[in-house]
Structures are given as structure tokens and as C-alpha cells.
There are 2 protein chains.
Amino acid sequence: MHKQEVTIYDVAREAKVSMATVSRVINGNSNVRKETRERVEAVINRLHYQPNAVAQGLASKKTTTVGLIVPELTNLYFAELSKGIDDIALLYKYNIIISSIENRLMKEDEVIQSLLNKQVDGVIYMSNRLPDKVANAFKQTNTPVVLAGTKDNRDEFASVTIDYQKADTEALNLMYNDGKKNLAIVVGDPDTVVNKDNRIPAYRKFLADHDIAEEHIYTKINNYSDGYNLYSQLEKDGVDGVIVTRDVTAVGILNSVMDAGKNIPKDLEIITASATQIASVVRPALTTIKQPLYDMGAVAMRMLTKLMNNEEVDGIHVQLPYELLKKQSTLNQ
Amino acid sequence: MHKQEVTIYDVAREAKVSMATVSRVINGNSNVRKETRERVEAVINRLHYQPNAVAQGLASKKTTTVGLIVPELTNLYFAELSKGIDDIALLYKYNIIISSIENRLMKEDEVIQSLLNKQVDGVIYMSNRLPDKVANAFKQTNTPVVLAGTKDNRDEFASVTIDYQKADTEALNLMYNDGKKNLAIVVGDPDTVVNKDNRIPAYRKFLADHDIAEEHIYTKINNYSDGYNLYSQLEKDGVDGVIVTRDVTAVGILNSVMDAGKNIPKDLEIITASATQIASVVRPALTTIKQPLYDMGAVAMRMLTKLMNNEEVDGIHVQLPYELLKKQSTLNQ
DNA sequence: ATGAAAGCGCTAACAG
DNA sequence: CTGTTAGCGCTTTCAT
């Protein structure tokens, strides 16, 4: 970067006003006479002046930039959340610094620290774990944070989610009513708040409520091939209905079932807990708990703008409605 | 953002050195005596000092931030490119400001201008169109730009791509050798450089070389349902082999064919030109021109780091090798 | 090897 | 409504 060619000072000189007035014009401050404003604007256009956001940031202590923490870039679940975030960010003129934390090159807290050093005004956090170190960094720098599509057991961070327990219960119930009694749940990391405190308890409660003794919880099933390989186990365990948290995992199971010459949904019903595009284009199409991902992102970002401006927010834990979308991987259509 | 609690000045005072020396320590300048360095580092750790990147940016005129322009967030093609970019960016300690331009709320050049105002050190551009206004903005601000997975007819911007003409020719040839003589090409925007100057010419040349008179070029087919709806037309036109640029579009065609009770690849062969995960999990799996998306992103970002540091680059137009990956949507497996 | 001092480009009291 | 004056927190000559 070379020295900036035209600065606020040049505009001031050409328009025969002080920098302060130019600054007022830029920032839409109403305390400027119409004539003056127009004269300044004319000069701005003539010189093609563009304010230096870094200097603005240093002087005003606001960067109009928010950080986005995402576990993986190549996961449509986060991409769809991000889209909602991005639209609202654009609306409120915030830029987004995105940081994926899947990379083991740098530890998560270093990634977040580097974000904080950039003086972001706020953070949307989509990872399903929030280590103490990271939480402390947020608190120390007094940076507003909103969790999107995930939860934390500390109550202090705002969040936007769905009612995972209710959704899972409803999904299990659907399969149960289809006559499936040997139900299973397939998750990735069993220790995340969403899994440990919501999904798995809901599953266990369902079993208890229906006097089912045998529990089938499969953990650390993270991707397509994990799903594909899991089916032989499911078959061995006599599972006839399964709820899967990641849809690409569900597709792995789906393909495995079909390759084994079995039938979906007759031999196995599948319900996936996140409805990204991938769940709807495979055949048979997957019945899903349709989370309103775009809206969740949008609501999270909107809430963040309020927190950044110290506005009132009514309730920092928002739950949005989901929909149980019946497709071809369950019987009762 | 409140006033920063601990600044370089505090560290200087506590360590009994000048700000200049602290700055040298932070930036790894070797002109600091070992003892002094250690004393300063001790204070930095004790006070938990973190440099303010905004102030650094203003003073040094480098923000260690790059801009990423992406057409859509929810497209795995760009997501996989982005992952390669992100990994290399992390390696060289750059942050990424991502801007999607799918949003019609703000015009593209405004989005780019806002990025430039943030004083990004460079830009990776993934949109398939580069308007004059945008190109001029890049030139005026002297910001290095690398196009990733796309081309521009101006020769001035660096790019990382594959040889689209060669790839398409090879794909067409595969289908031709399978006995398919009524070949078609399906694209989105027909006026992008990649389509207009590469894919479509390659298709036409193939027809000419094989004395095929009838041309089937379908344009503005952008998404799953466009693809799904297109099949009736393809059938009417007697098309028996098709090359599709977007894989989700290809999946639309695929499902439409199957719903019509036809067979893939017997009745229709499909080759998709971008191998994202979605192409590999559907059944039948799609034969694809496998672009090395991750590598393309990584190479683009590496090249950008060189441009930002005024280092030598040998050739600003890089073509990476692709692979024609035969799956179940073509006969000759 | 270290320090003093002058900015980087802008905002924000404060005064008038 | 407008100008003056301090900074914001850091880097970077230029001396020494």
C-alpha cells in the first residue's frame, strides 16, 4: 500500500472548510449547512475521495467489521447460516472477517485473538465448542458474541437455535409411529452441548417414555464414509430407524443401505437433522428436521448489531421454529 | 469498543524502554539486544499486551488482510476454492474479509469499494465477471488481484484455472466414443469469459471436427430446478450426451431423467464440469471433470502473497492439471 | 542497539 | 453551523 493519494485533508482544502466539516459530511452529521454540504460533496466526487476505514477505525474505535468463526468452510450447514449473516451484515454495512478453525496449523484461541486484534466490533460464533480461553478473550475485550446454530453451557453468550430436544423427539416419534422400535441416534462429537445436553437426553427420554431398553447411540460419525461404513453395524444391531445429525453422513448411510440391496424406508428409516441442499437432491430424498438456517443466521446477525450498539434485546436466547419435512426416507408420507 | 486497556506505551514504560523498541520486539526486528528483548517480552506477557492491528495498519500501511470476492456463499465450488485460500492465508498470517456479491442490495462496485476502503492488501476474485468499474478500482488503488477458478479477457489480472477447452474436449470425446453423437452443453451465463471464450468454442470446434451439424447449447441454466426442468427439452432435442458446468444442475437433470423412467447412462450420458461433493454422493455418481479446487485456491493465495510483497512470480496465468473422473453417468467405465 | 519525534488519516470534544 | 485541537496506537526515519 502506498501513501493514500487523496485524504480528508485534500478535500477540506479544496472545499475551503475544515477537516471536521468534511468528516461531518462523510458521516451524515446533520450539523452542516446545505450549501456547505453540497460544496464538500462536489469536491469529494471530483477528487474521487474515499475515506480510509482503517484511520476511521483507529479514531472512532469502531471498525464496522465483525468476525465469523466457522468450523469448516466446505459444509453447507454453515454456508447457509453464513448467507443469512452476510445479508444482514450488508444491510447494516458491516464487513465480515471469516475464520475457519478446522485448520490445526493454529490453535483456536490464536485464531480468535488475531481476530480480536483486528478490533472487530462483534463476533458470530458457529463452532459447537467454546473453550474457556476463547470465552475469556471475548469477555476481556468486551466483544459482543452471538452463537448461531449452537449453544454453550455458560449462559452469558447470546444464541440463536432451534429446540433440539423437541425436534428430535418429534422425529423419533414419527419413526416410532411407523412401527420402528429399534431406534438409533448418530452424532459426531458426543461432548458438544447440543449433543450432550439436548439430543442425547431427548433420545434417552424417548426410549424411557416408550419402555425401550436397548439404546443405540453412535458417536464420532463425522462424514460421508463414516456414515457409509456405519451401516453394517446398524444392520447387525437390528436398527430400523435412525436420526442423523449431519446430512452428508445420512447420505453415506443411505447409499450404503442401497448398495447392500436393502430398502429405504422399509428396512431402515432415516431422518437427518440438518436440511441442506444435499439432503434434498439425493434419492430417495431424506426426511429432515428442517432448521431455518438462513433465518437463524439473519437473526443472529441482527441481534449482534443491537448488542454492538448497546441497544435493548429482549432475550438473548432465541429459538426459531423448525419443520419436520417428510420425504422419502420415512414411510408415513 | 472502549479505550484499549494496555498499549505499547504501557509496555514501554514498564520495560523501561521506548515505544520504538517494543515495536521492534513485536515485529521481530533483529536490532534488539537479547536481554532487552527478553525484558520486553516478559512485560508483554505479564500485561497480556496485544498489539492493535488497526493502529498497526494505519502506521505501516499494511493490514495483513485480503479480500475474497465470491458470487455465492452456498455453492460448494467456491467453498472448496475458499478452503485452499484460507489455509494458505492462515500460513502467511493474513485475515480474510469475505464479500459475496450475489446480493442485489448493493451493487458490486460498491461492495468492492467498501473492501478497498478497508485497505486490504490484496484480493482474490472468484466471480466470473469483472466489470470495468471494478477493474478500475483495483488499478487505481494499486491492489494486487488474483482470479481463482475464473478468467478475464483483460490480460492484466493474474489467474489460476484449468485448461477448460482441453478438459471439455476430452469430456466430449469420451461421450462420443461411447457412441453418443447428439452432444450438448449446458451453461449458466453464456457471456462469461470461461463460457464464451473457452467452453462454447471448444464445443463448437469438437462438433466441426467430427462433422456434427446440429448444435445444442443451453444457456441460463443455473440451478437444480433449471436442470430438472431442462430434461424434457433435452429429450425432445434427442440429446444423448451432455456436459454441464454446475454439478447441482447436473443432479437436477439426473433426477429428472430417472423420474422419467429413463436410464443413465444408456439414454443420456452426463459429465459435470465441477466435482464438488454433491456430484459424488448422488446415485448414479456423476462422471466429472475434476478440477483441483483446493489446490487452485491455495496456488492463487500463494501467488497473491508474492504480489503483495512485490516478489517475482513466474507467469501470472497458471493452469493446473485436471482429471476426467469416470463414474456411473457415462458408459465406458 | 536504542530513543525522540513526526506522522498515518481520521474522529470528537470543545469553543465559538 | 464551523473550526481548532487533541488524540487513537502504532511504525519509521533519523539521530546518537
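Quick note on labels: first sequence line is chain A, next is B, and so on, each numbered from 1. Basis for what follows: all heavy atoms, side chains included, without hydrogens, waters or symmetry-related copies.
Using a 4.0 Å cut-off, no side-chain N or O of A/K61 falls inside it from OP1 or OP2 of C/dC10. Residue A/S23 places at least one side-chain N or O under 4.0 Å from the OP1 or OP2 atom of C/dT11. Close to D/dC1, at under 4.0 Å from its OP1 or OP2, lies a side-chain N or O of A/N31. Taking side-chain N and O atoms only, B/S60 has no distance below 4.0 Å to OP1 or OP2 of D/dC10. Residue B/T21 has a polar side-chain atom (N or O) positioned under 4.0 Å from OP1 or OP2 of C/dG3.
Of the residues near DNA chain C, B/V32 and A/A53, the one whose nearest nucleotide (by heavy atom distance) lies more toward the 5' end is B/V32. Between A/Y49 and B/R37, the residue anchored closer to the 5' end of DNA chain C is B/R37, taking for each the nucleotide with the nearest heavy atom.
In the set C/dT11, D/dG3, C/dA1, C/dA1 carries the atom at the smallest distance from any side-chain atom of B/R33. Nearest to the side chain of B/A59, among C/dT11, C/dA1, C/dG7, sits C/dG7. Side chain of B/N27, nearest nucleotide from D/dT11, D/dC10, C/dC10: D/dT11. Here D/dC1 is the nucleotide among D/dC10, C/dT2, D/dC1 with the atom lying nearest to any side-chain atom of A/T36. Comparing D/dG3, C/dT11, D/dC10 against the side chain of B/M19 picks out D/dC10 as the nearest. Considering only side-chain atoms of B/A20, the nucleotide from D/dT4, C/dG9, C/dG3 that sits closest is C/dG3. Here the nucleotide nearest the side chain of B/A55, chosen from C/dA1, D/dG9, C/dT11, is D/dG9.
A salt bridge links A/D189 with A/R129; the closest basic N to acidic carboxylate O contact falls under 4.0 Å.
Rounding to whole angstrom units, CD of residue A/Q50 and P of C/dC10 are separated by 11 Å. If you measure from atom CD1 of A/I8 to atom C1' of C/dC8, you get 13 Å, rounded to the nearest angstrom. Residue A/N52 contributes atom CG, which lies 18 Å from atom P of C/dG7 at whole-angstrom precision. In this structure, B/K62 atom NZ and D/dG9 atom P are separated by 23 Å, rounded to whole Å. Here D/dC10 presents its C1' atom at 14 Å from NZ of A/K118, a figure rounded to the nearest Å. Distance B/Q119 CD to D/dC10 P: 19 Å, rounded to the nearest Å. Distance CG (A/N29) to P (C/dA13): 12 Å, rounded to an integer number of Å. Atom CD1 of A/I26 and atom P of C/dA12 are 12 Å apart (whole Å).
Counting non-hydrogen atoms of other residues, nucleotides and ligands closer than 6.0 Å to NZ of A/K139 gives a total above 12. For A/E35, the CD atom sits in a loose shell: 12 or fewer heavy atoms of surrounding residues, nucleotides or ligands are nearer than 6.0 Å.
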Apply the test side-chain contact (heavy atoms from CB on, under 4.5 Å) to residues A/H317 and A/D155: give CA-CA distance (whole Å), side-chain angles for both, the deciding distance (0.1 Å), then the verdict. CA-CA 9 Å; A/H317 297 293; A/D155 222 34; 3.6 Å; yes
Using the salt bridge (Lys or Arg N to Asp or Glu O under 4.0 Å) rule, take B/R154 and B/D132 through it: C-alpha gap first, then chi angles, then the decisive distance, then the call. CA-CA 10 Å; B/R154 305 174 192 77; B/D132 284 340; 2.5 Å; yes
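Residue contacts shown for A/T7 are limited to sugar-phosphate atoms, with no base heavy atom under 4.0 Å away. Note on A/V17: only backbone sugar-phosphate atoms sit closer than 4.0 angstrom, heavy atoms only; bases stay farther off.
Residues B/M19 and B/T7 are not in side-chain contact: their nearest non-hydrogen atoms beyond the backbone lie 4.5 Å or more apart.
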